[in-house]
Every structure is written in structure tokens, then in C-alpha cells.
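Chain naming here is simple, since letters A, B, ... match the order of the sequence lines and numbering starts at 1 in each.
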Amino acid sequence: MPLPKTVEVLLPVALDRTLTYAVPDGLELAPGDVVVAPLGSRAQIGVVWDGAGEAVDGARLKTLEGRVPATGLAGPMRRFVDWIADYTLAPRGQVLRMALRGLADETPPPPKTGFRATGAAPSRLTPAREKVLAAAADGVVRPKARLAEAAGVSASVVDGLAAEGALELTPLPPPPPQQQPDPARPGPKLTPHQAHAAEALRRAVADGQYRVVLIDGVTGSGKTEVYCEAVAEALSRGRQTLVMAPEIALTVPFLDRFAKRFGVRPAVWHASVGDMGRTAVRRGVADGSIRAVVAARSGLFLPFRELGLIVVDEEHDAAYKQEDGVLYNARDMAVLRGRLEGAPVVLASATPSLESRVNAERGRYAKLALPARFGGRAMPEIAAIDMRVAGPPRGEWLAPRLVSAIAQTLSAGEQALLFLNRRGYAPLTLCRRCGHRMKCPNCSAWLVEHRFRASLVCHHCGHSGPTPDACPACGAADALVALGPGVERIRDEAAARFPEARISILSSDVMGAGERLAAELDAIERGAVDIVIGTQMVTKGHHFPKLTLVGAVDADFALGAADPRAAERTFQMLQQVTGRAGRGDRPGRALLQTFDPDHPAIRALVAGDREGFYAVETEARKAAMMPPFGRLAAVIVTAPAREAAEAHGRALARAAPKVEGIRVLGPAEAPLAMVRGRHRMRLLAQAPRTFDLPAYMRAWLAAAPQPRGGVRVAVDVDPQSFL
DNA sequence: CGCAACGTTATC
DNA sequence: ATAACGTTGCGA
């Protein structure tokens with residue numbers, strides 16, 4: 001008996017290895033094909049992979065159930081999955097799962113048919129039949145339901161006429177092809193600097209080679225217009241384009257800018273696109289009927305058939321980091337995808353990440369700097385308010401100097417923006433009697449009071465419940481006090497100070513996402529709002545023409561976090577938000593409320609010394625062996641008990657202050673790279689790459705009390721060193 | 001003693 | 001991922 005033919009199959013489950021299956025007689029399979037494989041007691045979809053598997057004994061070998069008619073993973077996509085899994089220490093199957101999202105059977109649907117009048121008269125003519133024939137008299141082919149509806153009768157009347165030959169079934173004309181983006185439409189008039197940059201990008205796209213270009217363009221320099229020229233070049237050469245943006249920036253105005261340039265909106269791919277949309281986009285991208293996609297990070301895994309350009313807008317944005325499941329930075333993986341597909345990659349930002357700047361300096365990336373548009377507004381004048389000496393009275397959050405600046409702004413008929421990256425009313429609720437702190441039952445994070453919704457909300461896991469009247473611990477009534485400010489509280493304070501002012505909150509939870517937000521933004525743009533109070537939302541998009549004052553209520557918001565990129569994030573976010581102040585004719589001003597006015601990030605903002613900040617930060621990064629200079633790994637603790645895990649996280653944060661992104665995961669979330677018991681170090685050594693774990697981290701691993709669930713290790717290494 | 005709850009292990 | 005399997009703890 002001949003040995004059965006076998007293939008290696010990667011399954012979208014938390015498994016790193018491929019499994020070997022027998023191929024049923026008569027089935028031809030190639031790597032990348034989608035198949036149905038028996039797994040345990042169920043059937044599981046999978047992808048034929050390349051490479052050899054470990055030998056299996058014949059008794060265990062199972063036979064595939066068949067092939068799925070769907071676009072699988074071409075060679076570069078399979079290498080992409082392998083590389084990401086290797087790099088992020090995730091099981092390959094878990095990465096594959098991301099690449100199969102939106103996958104559906106692509107068997108072409110049977111052609112649609114409709115009814116047309118034949119001219120033959122039915123044997124009996126009832127009033128209902130007359131109506132149908134009248135409706136069909138124009139000769140248009142209509143589906144049964146549509147024809148019945150047009151005649152105002154039920155579908156069975158149509159059936160009766162068809163049975164007697166008065167109507168016949170004919171194929172419907174194919175739906176008109178969807179309108180494609182048109183690169184030939186005239187673009188906007190570019191300044192000489194923009195035109196020069198656009199030309200460089202067009203050449204890169206025309207070459208059709210992998211390369212990375214960093215566009216460093218301050219707000220208002222027109223970097224979107226510039227990279228749109230690269231998109232136009234790719235489209236006109238018959239290549240597909242992928243533009244990536246942080247989820248929060250994928251707004252209607254963003255899509256409309258694209259539509260204005262190319263005539264139609266691009267296909268979109270992000271978290272709130274439903275299953276149907278997903279399926280349509282994946283299929284369209286694979287068969288080539290979709291030419292341009294605008295996507296959040298997961299759009300990286302779409303099976304483009306002829307990708308010619310990837311743009312990563314706002315490349316510095318921390319939202320590109322996926323922090324659950326497979327831990328990856330979409331900006332870095334976009335560069336990898338471009339390399340594997342042989343496509344140029346454009347990274348664009350007004351405040352480029354330190355990693356990208358260094359990669360440009362080292363010559364790995366080309367760099368295009370866009371100066372501010374001629375005649376555009378100058379950078380705002382920024383000053384710090386030292387809250388230790390010039391802060392507000394107890395129980396208030398706006399310093400006198402900021403209050404008087406707001407008053408001045410309002411009396412000039414201009415707008416003020418108060419930026420505070422904290423949703424809700426107050427981040428902590430405390431019992432004055434017994435000291436009890438309101439904590440989330442699931443994750444032990446503090447519950448944030450949302451007075452607008454009259455509830456306490458956990459910003460970690462989404463848990464929410466009504467705000468209690470009495471302390472749940474000691475029962476004292478009226479003893480609960482709200483500590484610290486959120487945007488709602490700032491609104492109350494501003495309303496008390498400026499009762500005449502029209503105030504608007506821009507925060508994801510107050511607004512939702514759709515109509516209300518659009519209406520509110522419109523009101524702000526028209527000048528129907530005097531004071532805008534906003535979270536991170538206000539850093540992106542939307543031009544507020546009357547805005548001349550920005551106040552950062554808590555400029556230090558990220559500086560205390562155990563995040564090694566805290567200073568950089570603070571600097572970038574404050575630079576973006578303060579950059580919004582100013583009208584066409586003159587610069588605006590910005591006030592930063594801070595308890596740490598000597599912090600390098602704050603000082604650099606006040607001095608307007610961006611390069612100086614990056615120089616200091618670069619040295620700090622080098623000293624800490626951080627990417628792109630070192631090989632720092634991030635460590636994530638898991639333990640069955642949330643409390644225990646939190647405690648381990650805190651212990652680790654103390655022991656290893658440079659560790660990034662400590663997150664506590666449930667045991668189910670940490671399958672493969674979980675390091676257990678006494679095998680910790682051995683498993684570390686088995687990891688796909690050798691880690692230079694910093695000494696403090698090794699010490700922590702050796703000395704820490706044993707987390708019950710184990711320790712999961714993720715990388716934070718500049719991937720460029722492996723490309 | 002039986003079985004539910006929970007953690008562990010294997011999946012070709 | 002998820003089903004099957006083993007252990008443990010508690011009520012009958």
C-alpha cells in the first residue's frame with residue numbers, strides 16, 4: 001500500500017507548529033490554500049503551509065476534509081505570518097488567525113435573475129395581473145419581489161403569470177462596477193516644498209522597490225496632500241494602496257479628504273466594520289476590485305493581490321501597538337510587509353517617533369522634511385504654569401493665570417481649548433469616613449465617576465454600575481468624595497467661572513462616534529462654542545479656525561507612568577495639541593499646567609526646541625539600552641488571581657523601571673510564550689531569538705516570587721535590525 | 001461516593 | 001481555540 005500524500009497545515013489556533021494531514025485522493029493542494037482539517041473532535045479551517053513537519057506515525061495521521069474556495073495566503077503573506085510570530089514570540093497559529101479575518105467562501109454566487117414581460121397574454125386577466133403587466137410594460141428586468149412591489153401585489157401573482165408564459169425569467173444585467181478612485185483627477189496646488197517631496201515619493205513608487213521614506217511635516221505642512229500624490233502614482237500604475245491611520249483618526253473628514261482627491265471614498269477596515277464589510281473588503285482586496293484601503297492596524301493582514309504602496313499616517317502614534325493577543329507595532333510590521341511585498345512604505349508624522357528619526361539618521365530610511373506652509377501660522381507661544389507655586393485653590397483645577405487667559409480669549413471673541421486626557425468626572429471616588437476606594441470588581445483598577453451617565457465606570461475592562469449613595473464598605477451616607485479632575489469636572493469649573501460661555505466637551509464617551517460628534521465639531525468650527533474641553537480626541541483632525549488659546553490642564557499626565565516612552569509621548573501629544581492654537585494671521589498661545597516645569601519635555605516645549613528634546617531623549621534611550629539602541633524586552637506577568645498578578649506587575653515595575661507596557665493578562669491569554677516553574681530560563685533560551693535581557697530583569701526573574709500562572713515575555717526591539 | 005469546578009494538556 | 005482529561009473539594 002503506497003504511503004498517503006501529506007501536507008503541512010497551519011491552524012488559526014494558539015499552536016506554533018504545523019500539523020501533518022493526509023490529502024484525500026484527487027485533491028490538488030498548493031501552499032497557501034485554505035483547507036478544512038479535523039482537529040480533535042471538530043473541524044477547523046487551516047492553511048497549507050510550506051516547510052517540513054515532524055514525522056507522525058500513521059495511526060495519528062488524519063485526512064483533510066477538503067479545500068475551501070477562498071483566497072488563501074500567497075508566499076509573502078506566509079512569510080509575514082512566520083516573521084511576526086517569530087518576532088513577537090506568538091504562536092504562528094495565533095498570527096494566522098489575524099490573517100484569516102473576513103475570510104469567506106468565494107464561490108461566485110449564481111447570476112441574479114429577474115422577470116420580463118414576453119408580450120404573450122395570460123389565459124385570464126385579473127386586476128392584480130393587469131397591474132403587474134403594466135409595471136413590467138417598460139421592458140426592464142426586475143427581481144420577483146421588486147416587480148410585485150412595483151405593482152402593489154403579492155409575489156404569487158408574478159409566479160402565476162410566469163407559469164402561463166406572460167413573464168419570463170432572464171438574467172439581470174450585472175450591477176454597475178463600483179466606482180474606482182481616479183488618480184488622474186487634478187490634485188491640490190502644491191507649494192514648491194510639497195511638490196518637491198511629492199515628486200520624490202512618486203519616483204519611489206514608480207521604482208516599485210521596497211524602501212522606507214519618513215515624512216516629517218509639522219501640522220499644517222500638508223503632508224496628507226503629499227502622500228496622496230504617492231497614492232495617485234501607485235493607483236495610476238495599477239497597484240493597490242494601503243493607508244494606515246490610528247483607529248481614532250479614521251473619521252469621516254479623513255475619508256472625505258481622500259474622496260475629494262480621488263472622487264470616491266476608499267474601502268475602510270477597522271474594529272467597528274462589521275463582518276459583512278470585512279468579508280467584502282477581504283474579497284475585494286484579493287480579487288483586485290478594491291484599489292485603495294484605509295485601515296487601522298489589522299488592515300496589515302489583508303491579502304492584497306498587487307500592493308504597490310503602504311502609508312502609515314501619524315506613525316508615532318502609540319495606538320499602532322496591539323496590546324492584546326499578539327503584541328506588535330503595526331508601524332514596524334508595515335515596514336516588514338512592504339519589504340516582503342517589494343513595495344515602498346511611507347511613514348508620516350508631525351512628531352516622528354524617535355525610532356524612525358534614528359533609522360532615518362542611520363540611512364535606513366530616506367527623510368523628507370516639510371516646513372510649515374508659507375503664510376501659515378507660526379508655532380504658538382508656549383508657557384508653563386508651575387502648579388506648585390501658582391496653582392488654583394484647593395478643589396479647583398484651573399490656575400488663576402489660565403483662567404485670566406481664558407477670560408481674555410473670550411472677550412476677544414475667540415475660542416479656548418482645555419485639554420485633559422481623562423474621561424469622566426473624577427478618576428477616583430473615596431469614602432471620607434472609612435477611606436474605602438471604589439475599585440473595579442474585575443480588575444481592581446479605580447472606578448471613574450461619570451456624572452453625565454450617573455455611573456462608575458472601569459476604563460480598563462468596561463465594567464460599569466450606578467454611582468452608589470452610600471459607601472459600600474461602611475455604609476456611611478453622603479461620605480463619598482470625588483478626587484481628581486476629569487473633563488466633566490473641568491466643564492463644571494469652567495461653567496462656574498464663565499457662566500456666559502458656550503462650552504462643549506469632546507470626549508468619546510459623551511459623544512459616541514456618529515452624528516452628535518459631527519454636529520458638535522461643526523458647531524465648534526462655526527464658532528458657536530467658546531470653550532472646548534477635550535480628551536485625546538482633539539489632537540487629531542478638524543481645524544478650529546477661531547482657536548487661539550490651548551490650556552493643558554494636566555501636562556504631566558503621562559510622565560508618571562511606568563512607560564519608558566512617557567517623555568516622548570507627552571512631548572508629542574502636547575506638541576500636537578498646542579499646535580492647534582492660532583488663526584491664520586497670528587500665532588496662538590498655550591499654557592501648560594505642570595508640577596514638573598523642569599522636565600525636559602516641558603522645557604523643550606516652552607523653548608520651542610524640538611531638536612533639543614530629541615537629542616536629550618536619544619541619549620536617555622541609549623543609556624537605557626532601549627530600542628533602537630538596545631534589546632529591551634518587556635515582561636508581562638500572568639497569574640490566575642488578578643490581585644496577585646497586579647502585585648507582580650507592581651513589583652516588576654519597581655524592579656525594572658524601564659520595562660514597557662506591563663500588562664496583566666489572564667492565564668488563557670498567555671499560551672505559548674508562557675514560562676513556567678523552574679523552566680523559566682530554559683524556555684527563554686529556547687525562544688526564537690537570543691535575548692539580551694538586561695541584568696535587572698534577569699535578577700527580577702530569578703528573585704521574584706513564583707507567579708502561579710507564569711511569566712510571558714514579549715519583545716521591544718527595533719525590528720529594523722532584523723530586516 | 002459522585003460530580004462540579006477548575007486547571008492542564010493535546011490537537012496531525 | 002477548544003475539547004478532553006485529571007485533580008481537588010464539597011455535598012449527599
Side-chain angles (χ1 to χ4, degrees), chain A residues 1-25 27 29-68 72-73 78 81-82 84-85 88-104 275 278 298 301 322 324-328 441-442 637-645 648 664-680 682-683 686 705-712:
Chain A
M1 174 141 175
L3 286 172
K5 198 158 79 166
T6 63
V7 287
E8 292 303 304
V9 176
L10 187 62
L11 299 157
V13 301
L15 254 178
D16 195 51
R17 330 171 298 162
T18 56
L19 299 183
T20 311
Y21 287 91
V23 181
D25 282 345
L27 188 64
L29 289 175
D33 284 347
V34 184
V35 291
V36 178
L39 180 68
S41 57
R42 66 214 144 102
Q44 173 75 57
I45 204 160
V47 175
V48 179
W49 221 247
D50 14 36
E54 293 159 40
V56 272
D57 56 63
R60 287 227 280 200
L61 188 69
K62 290 190 195 169
T63 305
L64 292 175
E65 289 176 19
R67 205 181 91 82
V68 179
L73 273 64
R78 298 198 299 279
V81 169
D82 285 338
I84 292 179
T88 63
L89 302 182
R92 284 191 293 172
Q94 213 181 331
V95 180
L96 176 67
R97 189 146 45 89
M98 302 193 284
L100 293 185
R101 264 204 267 167
L103 183 122
D275 282 348
R278 290 258 167 90
S298 57
F301 294 92
Q322 165 107 57
D324 40 37
V326 181
L327 307 155
Y328 68 92
N442 307 325
V637 182
T638 65
R642 213 82 209 185
E643 286 284 332
H648 282 294
V664 177
L665 306 176
E669 294 175 274
L672 182 87
M674 197 138 108
V675 190
R676 276 171 204 290
R678 322 175 66 192
H679 301 297
R680 285 183 303 203
R682 193 174 69 78
L683 273 170
Q686 274 182 1
Q706 190 64 62
R708 284 247 293 128
V711 178
R712 184 180 175 195

**Asked** How long is the gap from CZ on A/R92 to CG on A/L11, to the nearest 0.5 Å?
**Response** 11.0 Å
**Length of the CG-P vector between A/D16 and B/dA10, whole Å** = 16 Å
Identify the pairs formed between an N or O of the protein and an N or O of nucleotides 4-6 of chain B at a distance under 3.5 Å, and give each distance.
none

**Request:** Using the test side-chain contact (heavy atoms from CB on, under 4.5 Å), find all partners of A/D57 that sit at least two apart in sequence or belong to another chain.
**Result:** A/A59, A/R60
**Item:** Contacts of A/V34 that satisfy side-chain contact (heavy atoms from CB on, under 4.5 Å) - sequence neighbours left out
**Value:** A/I45, A/V68, A/L103
**Message:** Once side-chain contact (heavy atoms from CB on, under 4.5 Å) is applied, do any residues pair with A/T20, and if so which ones, sequence neighbours excluded?
**Reply:** A/T6, A/E8, A/V56, A/L61
**Request:** For A/R17 and B/dT9, give me the distance from atom CZ to atom C1', rounded to whole Å.
**Result:** 12 Å
**Message:** The criterion is ring pair (Phe, Tyr, Trp, His ring centres under 6.0 Å); which residues satisfy it with A/F301, sequence neighbours excluded?
**Reply:** A/F80, A/Y328
**Item:** Atom-pair distance (CD on A/Q44; P on B/dC12), nearest Å
**Value:** 11 Å
**Atom pair distance, as rounded to whole Å: CG in A/L39 and C1' in C/dA3** = 9 Å
**Request:** Determine: side-chain N/O of A/S41 to OP1/OP2 of C/dA4, distance under 4.0 Å, yes or no.
**Result:** yes
**Request:** Would you indicate what A/R97 reaches in the nucleic acid, counting non-hydrogen atoms under 4.0 angstrom: base, sugar-phosphate, or nothing?
**Result:** sugar-phosphate
**Prompt:** Rounded to whole angstrom units, what separation is found between the CH2 atom of A/W49 and the C1' atom of B/dC12?
**Reply:** 17 Å
**Request:** Identify whether any heavy atom of A/P38 sits under 4.0 Å from a base atom; if not, whether one sits that close to sugar-phosphate; answer base, sugar-phosphate or nothing.
**Result:** sugar-phosphate
**Request:** Nearest whole angstrom, please: distance from the P of C/dT2 to the CG of A/L19.
**Result:** 16 Å
**Qualifying residues under side-chain hydrogen bond (donor to acceptor under 3.5 Å, both in side chains), relative to A/R97, sequence neighbours excluded** = none
**Request:** Taking the side chain as every heavy atom from C-beta outward, state whether A/V47 and A/V81 have any pair of such atoms under 4.5 Å apart.
**Result:** no
**Request:** Would you kindly give the CD-to-C1' distance between A/E54 and B/dC12, to the nearest whole Å?
**Result:** 10 Å
**Request:** Starting at atom NZ of A/K62, determine the distance to atom C1' of C/dA3, rounded to an integer number of angstrom.
**Result:** 11 Å
